[in-house]
Amino acid sequence: MTFMIVQLISSKAIEAVQNLFGVSVPASQLAVQRTIPSFRNQGDFSLVVFPLLKVSRKSPEETARLLGEELLRLMPEAESFGVVKGYLNVRIVKSFWEGFVKDTYSAQSFGVDNQTSGKPVVVEYSSPNTNKPLHLGHVRNNLLGYSVSQILKASGKNVAKVNLVNDRGIHICKSMLAWKLSGVNETPQSSGKKGDKLVGDYYVKFSSDLVKETNDRIKETILNHEKHSLSDDQEMLSFNIPGSDGLNDYEKNELQKSAENTFNNYESTREWKIDGILKEHFLKTSPLLQQARAMLLKWEARDPETLQLWNMMNEWVYAGFDVTYKRLGVDFDKIYHESQTYLFGKEIVEEGLKSGVLFRKDDSSVWIDLTADGLDEKLLLRSDGTSVYMTQDLGTAQLRANDFDPESLVYVVGNEQNYHFEVLKLILQKLGRPWADHIFHLSYGMVELPEGKMKSREGTVVDADDLMDEMVATARAMTEELGKIEDFDSEEAQELYRIVGLGALKYFILKVDPRKNMLFNPADSIDFNGNTGPFIQYTYARIKSVLRKAEAENIRFDHFEVNDFHSKESDLIISLYEFPATVKQAAADYSPAIMASYLYDLARDYNTFYHELSILKEENESKKALRLAISSLTATVIKNGMQLLGIEVPERM
RNA sequence: GGUCCGGUAGCUCAGUUGGAUAGAGCAGCAGCCUUCUAAGCUGCUGGUCAGGCGUUCGAGUCGCCUCCGGAUCACCA
């Protein structure tokens, strides 16, 4: 079985040109494309002959006609042709399509390669911080990572899904400190909160406590100023600003001026409008932040009490994440933790220093000079010898190379880190890592809300669990309104709401080109009509309904002979035929959106076919069998294709 | 300011290495359920593909310029 009719036409056309004009033209000159609907009465595929005019020295119409005639001679699969302007439209013989349907309609795994081979593609995605629950942005990341992994597998690659959990650092310490200071010993069990939510709440509490503490300190400082009389009608204010001892005179002076401005403003308006310089200073010297930093140092020194608290709270978060991941339907083959990998980059830095790729500055910080590559100098070790993000990523990349001996490393990370990954790849290349050439940053765009960006401070963050709840609730409301599943028991109904609600969410996000920023409009996302997941799921359920009836009536459809296709039949068959190539295309572009778009078009094609033609009521047995076979194949393709998006399909809805 | 990404219908998005008359959905309007699931189907309305110049037989697609939006350029992650 060949899925390469397009390549066949192209190669035969090259042969035809050779025969006709004695010239060998490259395949790039002979683009074969699906004939546009207006000319489907002439053919299935089209060739553009304009590039051949130089060698044919004839008019476009004449060139196309000659080529068409030669093609008919060379290609038994070509049945007839038509010419419009410079376009040659070729009709493929019915028996070819008939053979295709016969060969595939009962193959459950049509289009998806279940034989994977070669070195693995390592796909990193999700990569959450453990101080906050997952939100809409993570949802896009997770859905993309999972779907791309599925698509790569279906295209024949071995895939390893990995997650790099950021479980250490100042953010986690903030949650830990706020929890400790609260003194209430709240746990997921005692509060009934999901672990990640609980820890996230303390992170928020830290932030608000920090703001309050800072404002209080500032107000106190401002109000407890001293007055010095300079003369009868002039006086000078002096503020006793804590933590300013180490500053130089200029900086002290700036702070005094900033404090005076703030005070004067307060005097005249009775409102606190704190000057920026002052605010920055008080944040920098915040006792709360100092405590958090002290905690991080204790953590790095393996202080048992700190480690215990850290472990406990991280476990809460993981339990919470697991629930969200499971519900989202994503999983990982290996999970890395930064707490275990953050020191790994240092050896690589040492190696780079020896080989001269990196250099040390006078303050003993380590850098790489990328100015020759149009980038800047980049820090790799701080002057105190500690590592930065980039250092860690060098280490984890090496670790992954050791663990998997991968064909390539794919990073599903937001586009705000484009620069970071450009630098990462470049450094590894300079360090002579051959696999560095196969680092691919799957850079996806931000998810925005109608009000603009999500801001945790403004409470506009869309929580992943809440979002799924809402989608499932909408699916339920919609299903109940339609009233088609009265015979479902409660468990079956719940399962359907889940499948449809999540299908809607996943499709809504995955149908957009990953690279582009996308708008998440809640009103649009709960629409289940048109270009949506539920529409495609519905099409599947509809087909299954027909197939169940056929089975009940004992109708077999393993035999059919076709004299002519209805245009709706051939449109559908050719769409189905293009599924394997679409999987390859989606894999090559790392784009679930290509698959989503294909499935939508297919579902639409099927619905018009379904509407226009009878299936079970068709009297001609051969036609009935063909239509059932096409229906069955469409169901398979929808199921397999949706599975590549991580979307399930219901047998009934 | 440097670098990168984007700008297609009122809104959200498609548009394969340059190919025929730029397509869907939503919204709006008009139809189609005693007939295989109406979460469906059919029709209508809606475009200076941000703007300009260029390359080409042919440009939404490639090049240059301008305008607008976003990201990034930390001893943060």
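A:Ala31 comes within contact range of at least one nucleobase, with a heavy-atom separation under 4.0 Å. At a threshold of 4.0 angstrom between heavy atoms, the contacts of A:Leu613 include nucleobase atoms, whether or not backbone atoms are also involved. A:Gln537 comes within 4.0 angstrom of nothing in the nucleic acid, heavy atoms only. Counting any heavy atom pair closer than 4.0 Å across all strands shown, A:Val48 reaches a base atom. Among the atoms of the strands shown, only primed sugar atoms or phosphate atoms (P, OP1, OP2) are found under 4.0 Å from some heavy atom of A:Leu519. Contact annotation for A:Ser365: base contact, defined as any heavy-atom pair under 4.0 Å involving a base atom. A:Tyr389 comes within 4.0 angstrom of a nucleotide base, judged by non-hydrogen atoms across all strands. Base engagement by A:Gln585 is indicated by at least one non-hydrogen atom pair under 4.0 Å involving a base atom. Note on A:Thr608: only backbone sugar-phosphate atoms sit closer than 4.0 angstrom, heavy atoms only; bases stay farther off.
Side-chain atoms of A:Thr539 come within 3.5 Å of backbone atoms of A:Phe535 as a donor-acceptor pair (strictly under, hydrogens ignored).
Atom CG of A:Asp373 is separated from atom C1' of B:rC73 by 16 Å (rounded to the nearest Å). Here the C1' atom of nucleotide B:rG2 and the CG atom of A:Leu375 are 11 Å apart, to the nearest Å. Atom CG in A:Asn418 sits about 19 Å away from atom P in B:rG2, given to the nearest Å. Distance CG (A:Asn166) to P (B:rC76): 15 Å, rounded to an integer number of Å. Atom CD of A:Glu416 is separated from atom P of B:rC76 by 18 Å (rounded to the nearest Å). Summarising the geometry, the separation between OH on A:Tyr342 and P on B:rC76 is reported as 15 Å, rounded to the nearest angstrom.
Under the 4.0 Å criterion applied to side-chain N and carboxylate O atoms, A:Glu61 and A:Arg65 are not assigned as salt-bridge partners. A salt bridge is defined here as a Lys NZ or Arg NE, NH1 or NH2 lying under 4.0 Å from an Asp or Glu carboxylate O, and A:Glu569 with A:Lys623 fails to meet this definition. Under 4.0 Å is where a charged nitrogen must lie from a carboxylate oxygen, and between A:Asp513 and A:Arg515 at least one such pair does. Between A:Glu551 and A:Arg548 there is no salt bridge, since no side-chain N of the basic residue sits under 4.0 Å from a carboxylate O of the acidic one.
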Strictly under 3.5 Å: I want the nitrogen or oxygen pairs between protein and nucleotides 68-70 of chain B, one per line.
residue : atom : partner  : partner atom : Å
B:rG70  : O3'  : A:Lys453 : NZ           : 3.2

* Asked: side chain to side chain contact (heavy atoms under 4.5 Å, CB included) between A:Val366 and A:Thr391: does it pass, once the steps are laid out?
  -> CA-CA 10 Å; A:Val366 177; A:Thr391 327; over 6 Å; no
* **Residues A:Leu424, A:Leu394; criterion side chain to side chain contact (heavy atoms under 4.5 Å, CB included); working and verdict** => CA-CA 7 Å; A:Leu424 177 74; A:Leu394 290 173; 3.7 Å; yes
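Every residue was checked against the side chain to side chain donor-acceptor pair (under 3.5 Å) condition with A:Thr396, not counting sequence neighbours, and none meets it.
For A:Lys544 and B:rC36, the shortest distance from a side-chain N or O to OP1 or OP2 is not below 4.0 Å. The side chain of A:Lys516 contributes an N or O atom lying less than 4.0 Å from OP1 or OP2 of B:rG7. In this model, the phosphate group of B:rC76 is approached by a side-chain N or O of A:Arg382 to a distance below 4.0 Å at OP1 or OP2.
With a glycosidic angle no further than 90° from 0, B:rC33 counts as syn.
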Show me the donor-acceptor pairs, under 3.5 Å and distance only, between side chains in residues 41-49 of chain A and residues at least two apart or in other chains.
residue : atom : partner : partner atom : Å
A:Gln42 : OE1  : A:Asn89 : ND2          : 2.7
A:Asp44 : OD1  : A:Arg91 : NH1          : 2.8
A:Asp44 : OD2  : A:Ile92 : N            : 3.0
A:Ser46 : OG   : A:Thr35 : OG1          : 2.8
A:Ser46 : OG   : A:Asn89 : OD1          : 2.6

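Out of B:rC41, B:rA38, B:rU12, the shortest distance to the side chain of A:Tyr538 is found at B:rA38. Here the nucleotide nearest the side chain of A:Asp513, chosen from B:rA14, B:rU37, B:rC36, is B:rA14.
A:Tyr342 carries A:Arg168 over the face of its six-membered ring, with the cationic atom under 6.0 Å from the centre and within 45° of the normal.
Annotation: B:rU56 and B:rG18 have their C1' atoms spaced 9 Å apart (nearest Å).
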* Structure fact -> Nucleotide by nucleotide, nucleotides 20-33 of chain B touches protein heavy atoms under 4.0 Å in the pattern (B base, S sugar-phosphate only, - none) BS--SSS-------
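Interface residues of residues 55-64 of chain A facing RNA chain B, ordered by number: none; criterion, heavy-atom separation under 4.0 Å.
With pairs defined as Watson-Crick or G-U wobble and both atom distances under 3.5 Å, the stems of at least three pairs that touch RNA chain B come out as B:1-7 with B:67-73, B:10-13 with B:23-26, B:28-32 with B:40-44, B:50-54 with B:62-66.
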